[in-house]
Q: 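Sharing a structure with you now.
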Amino acid sequence: LVGFSLGALLVRKAYVFAVGQRQDYPVAGFRETRTRPARVARGGVMAGVPFTIEGHPAAPEEKLWTHYRLAGNDYFRTLGIPLVAGRGFGDQDGAEAPPVAIISQSFARRFLSGTSPIGERLRIDDNDRGPRPVEIVGVVGDVRHLGLDSEPEPHLYLPIQQVNED
């Protein structure tokens, strides 16, 4: 069982960029795909990002990094990823709203063990202006993105409507 129906699935090619290069294409491509009427209902974009956890200082030699995905409001429902705590993304998470994030269970176990992750604040370095704060509003089940025989990796999900294009 994969977790989602393959019947109406669109996979769009993405590009890998070097650190420091602008990554406009995946977001622009996602937005362009979403404007096609009645063809693409939901989706997301994936990459990786360094981060810190406010109030939980890491050792100087420890560099925290996680996979991250830009997700539309129905991304988790589309892929059959269960919400296990907090809330999902919604219309309240627009471009002008406070920045939010959803994490996977493996992210919570690895980086926030022993604490309730809802309400925790991260600083993610996903733009040219330096790290920015996001508040964790939800936790979702793990996904084996790298293959069914791989262990789940920690993931951070950001609402596509809050993406910072700088």
Side-chain angles (χ1 to χ4, degrees), residues 1-4 9-31 33-34 42-54 56 58-59 61-89 93 99-113 115 117-118 120-166:
L1 180 62
V2 176
F4 56 91
L9 181 67
L10 168 69
V11 177
R12 186 171 179 144
K13 188 174 187 177
Y15 297 87
V16 177
F17 296 86
V19 174
Q21 275 190 300
R22 292 182 58 90
Q23 298 183 26
D24 292 342
Y25 180 78
V27 174
F30 174 82
R31 287 187 176 141
T33 300
R34 289 271 295 139
R42 305 166 201 91
V45 176
M46 61 178 231
V49 65
F51 70 96
T52 58
I53 304 168
E54 291 185 4
H56 301 269
E61 68 280 356
E62 183 179 22
K63 302 292 183 205
L64 301 179
W65 184 92
T66 189
H67 299 282
Y68 88 103
R69 295 176 187 277
L70 303 177
N73 291 353
D74 293 322
Y75 178 83
F76 304 109
R77 184 171 58 90
T78 300
L79 295 181
I81 303 170
L83 180 68
V84 297
R87 67 172 178 86
F89 297 137
D93 300 315
V100 296
I102 293 174
I103 60 172
S104 66
Q105 287 177 302
S106 59
F107 185 105
R109 280 190 303 273
R110 183 176 296 176
F111 302 116
L112 295 167
S113 181
T115 66
I118 306 302
E120 290 285 341
R121 295 178 59 81
L122 308 175
R123 294 191 67 77
I124 59 171
D125 195 0
D126 67 339
N127 63 76
D128 292 341
R129 292 182 286 184
R132 66 184 180 99
V134 296
E135 181 178 338
I136 298 171
V137 296
V139 179
V140 293
D142 284 327
V143 177
R144 297 174 189 271
H145 290 286
L146 302 177
L148 296 177
D149 60 344
S150 66
E151 288 300 313
E153 294 283 330
H155 276 77
L156 173 72
Y157 300 89
L158 303 173
I160 191 78
Q161 60 269 31
Q162 289 187 349
V163 70
N164 186 340
E165 294 185 18
D166 289 336

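Along the sequence shown, the residues carry numbers beginning at 1.
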Q: Measure the spacing between OH of Tyr75 and CG of Leu70 and express it to the nearest 0.5 Å.
A: 9.5 Å
Q: Check whether any side-chain heavy atom of Leu158 lies under 4.5 Å from a side-chain heavy atom of Leu156, and answer yes or no.
A: yes
Q: I'd like a table of donor-acceptor pairs (distance under 3.5 Å, sequence neighbours excluded) in which one partner is a side-chain atom from residues 146-154, with atom names and distances.
A:
residue : atom : partner : partner atom : Å
Ser150  : OG   : Gly147  : N            : 3.4
Ser150  : OG   : Gly147  : O            : 2.7

Q: With Arg123, which residues qualify under side-chain contact (heavy atoms from CB on, under 4.5 Å), at least two apart?
A: Thr52, Glu54, Pro131, Pro133
Q: Is there side-chain contact between Arg121 and Val134, with at least one heavy-atom pair below 4.5 Å?
A: no
Q: Could you go step by step and tell me if Tyr68 and Asp126 meet the side chain to side chain contact (heavy atoms under 4.5 Å, CB included) rule?
A: CA-CA 10 Å; Tyr68 88 103; Asp126 67 339; 4.1 Å; yes
Q: Going by the rule side-chain hydrogen bond (donor to acceptor under 3.5 Å, both in side chains), which residues pair with Glu120 if we only count those two or more places apart in sequence or in a different chain?
A: His56
Q: If you compare all heavy atoms of Gly72 against all heavy atoms of Ile160, which two are closest, and at what distance to 0.1 Å?
A: CA-CG2, 4.0 Å
Q: Roughly how far, to the nearest 0.5 Å, is the CD1 atom of Ile102 from the CG atom of Leu83?
A: 6.5 Å
Q: Specify the closest pair of heavy atoms between Asp142 and Arg109, including all atoms of both residues, with the distance to one decimal.
A: OD2-NH2, 2.7 Å
Q: Run through Val140, Val137, Leu112 and flag the one making a side chain to side chain contact (heavy atoms under 4.5 Å, CB included) with Ile103.
A: Leu112
Q: Measure the spacing between CZ of Phe51 and CZ of Phe107 and express it to the nearest 0.5 Å.
A: 3.5 Å
Q: Looking at side-chain heavy atoms only, is the closest gap between Asn73 and Gln161 below 4.5 Å?
A: yes
Q: Could you list all the salt bridge (Lys or Arg N to Asp or Glu O under 4.0 Å) pairs where at least one residue sits in residues 99-108, not counting sequence neighbours?
A: none
Q: Identify the heavy atoms of Pro99 and Gln162 that sit nearest to each other, and give their distance.
A: CA-OE1, 3.2 Å
Q: Can you list the residues that meet the salt bridge (Lys or Arg N to Asp or Glu O under 4.0 Å) rule with Arg87, with sequence neighbours excluded?
A: Asp93
Q: Using side-chain heavy atoms (C-beta onward) and a distance below 4.5 Å, is His155 in contact with Ser106?
A: no
Q: Please name all residues satisfying side-chain contact (heavy atoms from CB on, under 4.5 Å) with Val143, sequence neighbours left out, ordered by chain then number.
A: Ile81, His145, Tyr157
Q: Write down the atom of Val49, the atom of Asp125, and the distance for their closest heavy-atom approach.
A: CG2-O, 3.5 Å
Q: Within this structure, what is the CD1-CD1 distance for the pair Ile118 and Ile136, rounded to the nearest 0.5 Å?
A: 7.0 Å
Q: Please report the interatomic distance CD(Gln105) to CZ(Arg110), rounded to the nearest 0.5 Å.
A: 14.0 Å
